[in-house]
Structure formats: C-alpha cells, structure tokens
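What follows is a short report on a single structure.
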Amino acid sequence: MTISIDTNQRPAMPAPFYQLLTQELINTNPKDANAITLYFRDPDYSPQRGGFHPVEVRLEKQVDHWRLVYVTDFAFHGHDSPELIKDIDICFNSKQVYSSIGGWINHDEGADLIELFSDNFTSYHHMNVYQVQIALG
C-alpha cells in the first residue's frame, strides 16, 4: 500500500526525505490508524561510544493524505550524567525549527539545518545503521 504524504508542508523537507519515508512505509497498512510514528535507532548509540542519533518521525492522517507533525533528532548531552534530549526538532504545526545549540531559529537558518539534517539522515539510512520500528496509533 502506498501512503500519500503531503510534501507541500512548511518547513519544506527535501525530496529524498519523503522518498525514505515512503520506502519505509511501503508494507504498512494504516487502515484504521490516525497516526504513524517511525523510530530510527542505531542499537550501538551510547554516550560512551557515540554512534548515530535516534530519529523519530510522526505523521497524522488528514482526509485523503498523511501530514508530518514532527521530525526529531535526539542526542546525548552532558558529561557526568548524559541525558538523551532533542537535538533538532522540526515542528510542522508551528512551522519552526529548534536546535539544542540555538533554540528556535529563524527561517533561513532552519532551512539550512533541515538540508544538513536530511542529507545526513538519508545517508545514514542508506548505510543501514538504523533499526526501524513503526507504531500505528
């Protein structure tokens, strides 16, 4: 089943990002679901060893398509007691981009960060570093 995702949302995401989501959802049948959450995890990621940041993507059903709600990249921060926190958060409801370094950032910086994030994320995905789980809600 092909899931139709609204690609005209703001902030804009690059086409390869949507292609990756479509590929991951090709065998998902969300017939009775109103939400889909995709979890991309590097099983070896830890504060001690490093690795690839976990990424979470949430979609919600609209009338005849699905729309992104958020894309969040998590990372360990802190030295003595590292905590997994939002490193990058792309919020499609507020149309804003958050960075743990800069807080909520302006449109141009947000577009640059999205491009960098998406390039890295799709490259890591192609390297098969993630285990992907899909939850229907």
* Would you say the side-chain atoms of His125 and Glu24 include a donor-acceptor pair closer than 3.5 Å? -> yes

* Working for side-chain contact (heavy atoms from CB on, under 4.5 Å), residues Ile36 and Ile3 -> CA-CA 11 Å; Ile36 303 171; Ile3 295 174; 3.9 Å; yes

* OG1 on Thr37 to CZ on Arg58, rounded to 0.5 Å -> 4.0 Å

* Search all heavy atoms of Gly51 against all heavy atoms of Asp42 and return the closest pair with its distance. => CA-OD2, 3.5 Å

* Just checking, is any N or O donor in the side chain of Glu56 or Tyr70 under 3.5 Å from an acceptor N or O on the other one? -> yes

* To do: Could you pull out the closest heavy-atom pair between Ala135 and Tyr39, with the gap in Å?
  => CB-CE1, 3.9 Å

* Asked: Is the number of heavy atoms from other residues, nucleotides or ligands within 6.0 Å of NE2 (His107) greater than 12?
  -> no

* **By side-chain contact (heavy atoms from CB on, under 4.5 Å) - contacts of Asn120 (at least two apart)** => Leu116, Tyr124

* Rounded to the nearest 0.5 Å, how far apart are CZ of Phe76 and CZ of Arg49? -> 10.0 Å

* Asked: Roughly how far, to the nearest 0.5 Å, is the OG1 atom of Thr22 from the CZ atom of Phe17?
  -> 10.0 Å

* Any donor-acceptor N or O pair under 3.5 Å, side chains Arg67, Asn8 -> no

* **Rounded distance (nearest 0.5 Å) linking atom CG of Leu84 with atom NE2 of His53** => 9.0 Å

* Under the ring-ring contact (aromatic ring centres under 6.0 Å, His included) test, which residues partner Tyr130, sequence neighbours left out? -> Phe40, Phe121

* Which value, rounded to the nearest 0.5 Å, describes the distance between Ser123 atom OG and His126 atom NE2? -> 6.5 Å

* Asked: More than 12 heavy atoms of other residues, nucleotides or ligands under 6.0 Å from CD of Gln133: is that the case?
  -> no

* What are the two closest non-hydrogen atoms of Asp6 and Gln9, and how far apart are they? -> O-OE1, 3.3 Å

* Indicate, with yes or no, if Phe117 and Leu38 share a hydrophobic cluster defined by side-chain heavy-atom contacts under 4.5 Å among Ile, Leu, Val, Met, Phe, Trp and Tyr. => yes

* Asked: Can you find a heavy atom in the side chain of Pro82 that is under 4.5 Å from one in the side chain of His77?
  -> no

* Donor-acceptor pair, side chain of Ser118 and main chain of Ile114, under 3.5 angstrom -> no

* **Whether Ser99 side chain and Ile101 backbone form a donor-acceptor pair below 3.5 Å** => yes

* Asked: Do Ile85 and Ile90 belong together in a cluster built from hydrophobic side chains that touch within less than 4.5 Å?
  -> no

* Asked: Which heavy-atom pair separates Val55 from Arg41 by the least distance, and what is that distance?
  -> O-NH1, 3.7 Å

* Asked: What pairs meet the salt bridge (Lys or Arg N to Asp or Glu O under 4.0 Å) rule with one or both residues in residues 79-96, with sequence neighbours excluded?
  -> Lys86-Asp89

* Steps toward side-chain contact (heavy atoms from CB on, under 4.5 Å) verdict (Thr72, Tyr98) -> CA-CA 9 Å; Thr72 304; Tyr98 173 86; over 6 Å; no

* To do: Hey, could you give me the CG/NZ distance between Leu136 and Lys61, rounded to the nearest 0.5 Å?
  => 11.0 Å

* To do: Take Glu60 and Asn34 through the side-chain contact (heavy atoms from CB on, under 4.5 Å) test and state the conclusion after the steps.
  => CA-CA 6 Å; Glu60 289 183 355; Asn34 291 316; over 6 Å; no

* Asked: In the single-linkage hydrophobic clustering (I, L, V, M, F, W, Y; side-chain heavy atoms under 4.5 Å), do Leu25 and Val132 co-cluster?
  -> yes

* Asked: So if you build clusters from Ile, Leu, Val, Met, Phe, Trp, Tyr with side-chain heavy-atom gaps below 4.5 Å, do Ile134 and Phe74 land together?
  -> no

* To do: Verify side-chain contact (heavy atoms from CB on, under 4.5 Å) between Phe92 and Val71, making sure each step is shown before the conclusion.
  => CA-CA 8 Å; Phe92 295 88; Val71 176; 3.8 Å; yes

* Can you see which heavy atom on Cys91 is nearest to which on Pro11, and at what distance? => O-CD, 3.9 Å

* Cluster question for you: counting only ILVMFWY and a side-chain heavy-atom cut-off of under 4.5 Å, with indirect links fine, are Leu20 and Ile5 together? -> yes

* Which heavy atom of Val69 sits nearest a heavy atom of Leu59, and at what distance? -> CG2-C, 4.3 Å

